[in-house]
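Here's the structure, in structure tokens; my notes come after.
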Amino acid sequence: MENHILGFHHVTAIANNAQRNFDFYTHVLGLRLVKKTVNFDDPSTYHLYYGNEEGTPGTILTFFPWEGIGPGKNGVGMATEIGYSVPRDSLDNWAGRLREFGVSIDEPAERFGERCLPFVDPDGLSLSFVVSKTTDDRPAWETADVKQDIATRGLRSVTLTLQKIDRTAKVLTDIFGYSLLAQEGNRYRFMTDAIPNASIVDLLEEPKGQLGRNAAGTNHHIAFRVANEAVQMEYHETILRKGFQITPKINRDYFFSLYFREPGGVLFEIATDNPGFTVDEPLEKLGESLRLPGQHEALRTNLESTLPALK
Ligand code: ZN
């Protein structure tokens with residue numbers, strides 16, 4: 001399975017205020033900030049990475065907090081919900097905790113036999129806590145308030161809302177090695193068995209749905225995971241051969257990336273496990289200080305005084 005897509009690597013979304021984003025994900029949800037860096041393509045903005053202790057691929061949610069950006073709108077051509085795996089029997093505790101912090105939550109629902117609790121983050125990003133039918137033994141990061149009994153294990157699923165699902169489905173099945181697991185109404189569940197978790201993509205077909213608008217509270221891209229650059233470059237060739245435009249390999253310091261837009265409109269990335277988040281700071285100190293890529297190191301003094309300090 002080494003040479004397959006190994007589920008998700010990370011998911012990236014857009015936020016408005018960095019401090020509010022940091023408080024919500026580290027304090028309310030109990031994730032670890034595993035990297036505090038800048039958007040390599042727009043270094044005046046943070047790029048914040050939240051995950052488990054090591055920032056294991058498949059546990060990572062990242063944000064570009066663009067202060068002052070208006071609210072976006074979920075719609076077709078977008079990833080419209082991010083599902084986190086949580087322990088069995090934790091949903092009631094989570095509902096209580098989210099309410100305590102004034103988080104807007106939806107009625108618990110059941111999808112494909114799995115209980116889930118949908119809610120939104122302070123920018124309106126749609127998330128869901130899901131109790132996986134299969135065992136999820138990924139180690140969780142613990143905080144003072146969020147212990148093992150409720151802590152998230154990492155990503156479980158991502159929902160893409162599309163006008164038509166067929167061409168996106170073909171990317172998943174013919175290129176990424178996913179298969180259609182089940183259908184409930186207009187929701188089609190695709191899964192890879194290359195990895196036990198972070199393995200589900202739901203395609204929601206809405207032929208009359210409105211286009212989404214990318215701004216705060218919406219998804220920016222979905223990164224799929226590969227073991228290394230050799231596998232990544234095989235995908236580069238396959239995707240080109242299927243007639244898509246795809247970027248060359250880009251060095252993101254913590255992984256290498258390729259980007260292409262799937263036919264339904266969602267930006268897909270293929271990211272490597274190597275080298276990982278401990279490449280420029282030790283495990284115990286992940287996320288504590290501002291890390292800059294070499295090309296932006298000259299901006300450090302300026303960035304340290306203009307980027308908001310996160311407390
Ligand atoms: Zn990415």
Side-chain angles (χ1 to χ4, degrees), residues 5-15 18 21 25 31-43 45-52 54-66 69 72 77-84 121 123 125 127 154-155 157-160 171-172 175-176 195 198-199 201 214-229 231-233 235-236 239 244-262 264-277 279-280 286-287 291-293 295-296:
I5 293 284
L6 304 171
F8 302 118
H9 185 284
H10 63 270
V11 172
T12 295
I14 303 170
N21 179 264
Y25 286 95
L31 303 178
R32 184 180 195 193
L33 179 70
V34 292
K35 194 62 66 183
K36 181 163 65 172
T37 183
V38 293
N39 181 330
F40 287 14
D41 304 316
D42 174 13
T45 301
Y46 271 132
H47 193 179
L48 304 177
Y49 290 73
Y50 305 101
N52 67 1
E54 298 175 21
T56 311
T59 73
I60 310 161
L61 180 60
T62 95
F63 287 89
F64 301 131
W66 274 301
I69 192 174
M78 272 185 160
T80 49
E81 193 190 85
I82 300 156
Y84 266 109
D121 87 351
D123 286 298
L125 185 71
L127 300 160
L155 300 171
S157 56
V158 170
T159 300
L160 312 184
V171 170
L172 294 176
I175 304 178
F176 285 5
I195 190 138
S199 55
V201 179
N214 240 186
T218 63
N219 173 258
H220 190 274
H221 63 268
I222 305 294
F224 290 87
R225 173 184 184 188
V226 288
N228 56 52
E229 295 158 74
V231 181
Q232 184 181 46
M233 293 320 284
Y235 278 102
H236 188 267
I239 290 163
F244 296 104
Q245 290 189 348
I246 183 162
T247 65
K249 181 173 79 176
I250 299 171
N251 182 357
R252 295 303 190 191
D253 280 16
Y254 312 107
F255 44 86
F256 292 89
S257 297
L258 302 172
Y259 300 87
F260 74 105
R261 202 166 285 281
E262 60 82 25
V266 182
L267 186 61
F268 278 2
E269 176 181 351
I270 297 178
T272 60
D273 275 8
N274 62 296
F277 293 104
V279 70
D280 63 352
L286 287 183
R291 311 309 305 180
L292 295 173
Q295 67 269 31
H296 299 318

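Side chains are part of it too, since the values below use all heavy atoms of this structure and drop only hydrogens, waters and symmetry mates. First listed ligand is number 1; within each ligand, the first listed atom is number 1.
- Counting only protein atoms, the N, O or S atoms lying less than 2.8 Å from the Zn ion (ligand 1) are His10 NE2, His221 NE2, Glu269 OE1, ordered by chain and residue number.
- Between the side chains of Thr159 and Thr80, no donor-acceptor pair of N or O atoms lies under 3.5 Å.
- With sequence neighbours left out, Asp41 forms a salt bridge (Lys or Arg N to Asp or Glu O under 4.0 Å) with Arg252.
- For the pair Glu229 (side chain) and Phe256 (backbone), a donor-acceptor distance under 3.5 Å is absent.
- Inspection of the His47 and Thr37 side chains reveals no N or O donor paired with an N or O acceptor under 3.5 Å.
- Residues forming a salt bridge (Lys or Arg N to Asp or Glu O under 4.0 Å) with Arg32 (at least two apart in sequence, or on another chain): none.
- Checked against salt bridge (Lys or Arg N to Asp or Glu O under 4.0 Å), Glu81 has the following partners two or more places apart in sequence or in another chain: Arg111.
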